[in-house]
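These numbers were taken from a predicted model, which means no experiment stands behind them. Hydrogens, waters and symmetry mates are skipped; everything else that's a heavy atom, side chains included, is used.
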Amino acid sequence: MAEADIRARRAAHKRLTFKEILRAAGPGVITGGADNDPAGIATYSIVGATAGFAQNWLLLLSTPMLIVVQQISAKVANVTKTDLATLLRTTYGARIATPAVLLMVIANVITMGADLLAMAAALQLLTGVKFVFWVVPLAGLMAYVTIFTEYKVFSKYLLWLVAVFATYILAAFLARPDWGDVLRNTLIPHISFTPAYLLGAVALLGTTITPYLFFWQASGEVEERRGVDGMALRNIDISAGMIWSNVTAFFIIVSTGAVLYSHHAEIRTAADAARALEPFAGPYATVLFAIGIIGAGLLAIPVLASSAAFGVAGLAGWRRGLGRHAQNAPQFYVVIGLSFLVAMELAVGAVDPIKALFYSQVLDGVIAPVLIVLMILLTSNRKLMGDYVNGLPTKVIGWSAAAAMIVADIALAYQIATKGLPG
C-alpha cells in the first residue's frame with residue numbers, strides 16, 4: 001500500500017476531538033437540511049394527513065440507507081476529485097449519463113417551482129400579502145445569493161438555516177400526539193397494498209433518498225477539497241446531516257398525522273398543512289410550521305439550482321463550481337439563472353401545485369435507484385477507487401436501498417395498472 005494511503009487510513013482511525021467534530025459540519029449537514037425542502041415538507045405532510053403514522057417505519061428503515069448512499073457520493077468525489085455527473089459521463093458514456101442527469105435536472109426545476117410557491121403561500125399566511133407578490137423577490141434574492149456570494153459565506157448561510165427545522169419538533173409537541181401509537185408505527189411496519197399508500201411510500205422514499213442530494217454532496221466535497229484524509233470527519237458530517245433530516249421528517253409526519261389524519265383534513269400544499277393545524281393545535285403550531293417552510297426553501301432552492309447546474313456542466317464538460325466567479329464559469333451560472341427563471345414561471349403559472357410538488361418526488365423515487373446502482377458500481381471499481389472500494393456493509397446497505405426503492409416502484413406501477421391512480 002502506498003505511503004499516502006497508509007497516512008490516510010491512520011488519519012481516518014485517529015481519535016477525534018469535540019472541536020474537530022464541530023468543525024466537520026459542512027456539505028453533509030447542508031445536504032441533510034436541503035433534503036427537507038418545502039416539497040419534501042408537503043410530501044411528509046400529505047403522508048401524515050392521509051396515512052397517519054403508518055409510514056413512520058419507512059423513515060427508520062431509510063436512515064442508514066440515506067447515510068450510506070450519501071457517504072458513497074462523498075467518497076467517490078473525494079477519491080477521484082471529480083463531480084458525479086462527470087464521473088457518470090466518463091465511466092458509462094453519454095447514453096447512460098445524459099438521461100440520468102437530465103431527469104434529475106427536470107425534477108429539480110419542477111421542485112424549485114413548487115418550493116417557491118410553498119414559500120410564497122407561507123408568507124401570505126403570516127403577512128396577509130398575496131402570494132404572487134412574494135415569488136419574484138424570493139427567487140431574485142436566492143438567485144443573487146447563489147450566483148454572487150463567495151462560497152465560504154454561502155456555505156455558512158446554508159449551515160445556519162439548518163437550525164430552522166427545530167420548529168417542526170415544537171409543532172409536533174403542540175399537536176399532542178399519542179406517543180405510544182407513534183412509537184408502535186415507527187418500530188413495527190404497517191403495509192397497505194393500495195395505490196394511495198404505495199404512491200405515498202414512493203414519494204416519501206423519493207423525497208428522502210433524492211437524486212439531487214447525490215450530486216450536491218459530491219460537488220460539495222470537491223468544493224471543500226477534503227480529500228481522502230478527511231474520511232472520518234466526512235462520515236460524521238454526513239451521518240449528522242442525514243439523521244437530522246429524518247428526525248425533522250419524523251416530526252413533520254407526527255404533527256400532521258396527530259392533527260390532520262384524525263380529523264380527516266384534506267391538504268394540497270405545505271401551507272395548507274400549516275393553516276389546517278391552527279383550529280386543533282393553535283396559532284403557534286401554524287406559525288412554526290410556516291416559518292419552517294420559508295427557512296427550508298431558503299436552504300433548499302439554492303442547493304436544487306446548484307446541483308442542476310453541476311449536473312449539466314458535468315455532462316457538457318464546462319468549468320463549474322460555486323467557488324468560481326461567474327465570469328470564470330459562465331455556462332454553469334447561466335444554468336443556475338435559467339433554473340430560477342423556469343421555477344418562477346412554474347410558481348406563478350397555471351400548474352397545479354400539488355401535482356408538481358408531489359409527483360416531482362415520485363419522479364425522484366423512480367430515478368434514485370438507478371443512480372444508486374451506478375454509484376455502487378463506481379465505488380466498487382478497484383481501478384477507480386484503489387483501496388477505497390466499498391466494504392461489505394456498504395455494499396449490503398447500498399444494494400438494499402436500491403432494492404427497496406425498486407420494489408416500491410414496481411408495486412406502485414402494478415397497483416396503478418390494475419386499479420388506477422388514487423384520487
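Judged by distance alone, with hydrogens and angles left aside, the side-chain atoms of Thr286 form a donor-acceptor pair with the main-chain N or O of Ala274 at under 3.5 Å. No donor-acceptor pair closer than 3.5 Å links the side chain of Thr86 to the backbone N or O of Thr82.
Annotation: Tyr261, atom OH; neighbour count of heavy atoms from other residues, nucleotides and ligands within 6.0 Å does not exceed 12. Heavy-atom contacts from other residues, nucleotides or ligands closer than 6.0 Å to NE2 of His190 number more than 12. Open room surrounds OH on Tyr284; 12 or fewer heavy atoms of other groups in view lie less than 6.0 Å from it.
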Practice prompt. For side chain to side chain contact (heavy atoms under 4.5 Å, CB included), just list the numbers for Leu117 and Phe131, CA-CA rounded to whole Å, side-chain angles, deciding distance to a tenth of an Å, and then say yes or no.
Written response: CA-CA 8 Å; Leu117 187 58; Phe131 76 92; 3.3 Å; yes
Item to complete: For side-chain hydrogen bond (donor to acceptor under 3.5 Å, both in side chains), just list the numbers for Asp37 and Thr111, CA-CA rounded to whole Å, side-chain angles, deciding distance to a tenth of an Å, and then say yes or no.
Response: CA-CA 9 Å; Asp37 66 312; Thr111 304; 5.3 Å; no
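Between Phe310 and Phe332, the distance separating the two ring centers is shorter than 6.0 angstrom. The ring of Phe53 has its center no closer than 6.0 angstrom to the ring center of Trp179.
No hydrogens or angles considered: a donor-acceptor pair under 3.5 Å links the side chains of Thr63 and Asn246. For the residue pair Asn390 and Lys75, a side-chain donor N or O sits within less than 3.5 Å of a side-chain acceptor on the partner. Counting only N and O atoms by type, the side chains of Asp35 and Thr208 include no donor and acceptor under 3.5 Å apart.
Below 30°, between 30° and 60°, or above 60°: for Phe154 and Trp216 the angle between ring planes is above 60°, a perpendicular geometry. Aromatic ring pairs are classed by plane angle as parallel below 30°, tilted from 30° to 60° and perpendicular above 60°; the pair Phe148 and Tyr144 is tilted.
A 4.5 Å side-chain heavy-atom check between Thr50 and Tyr197 finds every atom pair outside the cut-off. Side chains of Tyr388 and Val76 form no contact here, defined as non-hydrogen atoms less than 4.5 Å apart.
Note that CD1 of Ile372 and CE of Met405 are 5.5 Å apart. Values are rounded to the nearest 0.5 Å.
Ion pairing between Asp272 and Arg275 holds under the 4.0 Å rule for side-chain N and carboxylate O.
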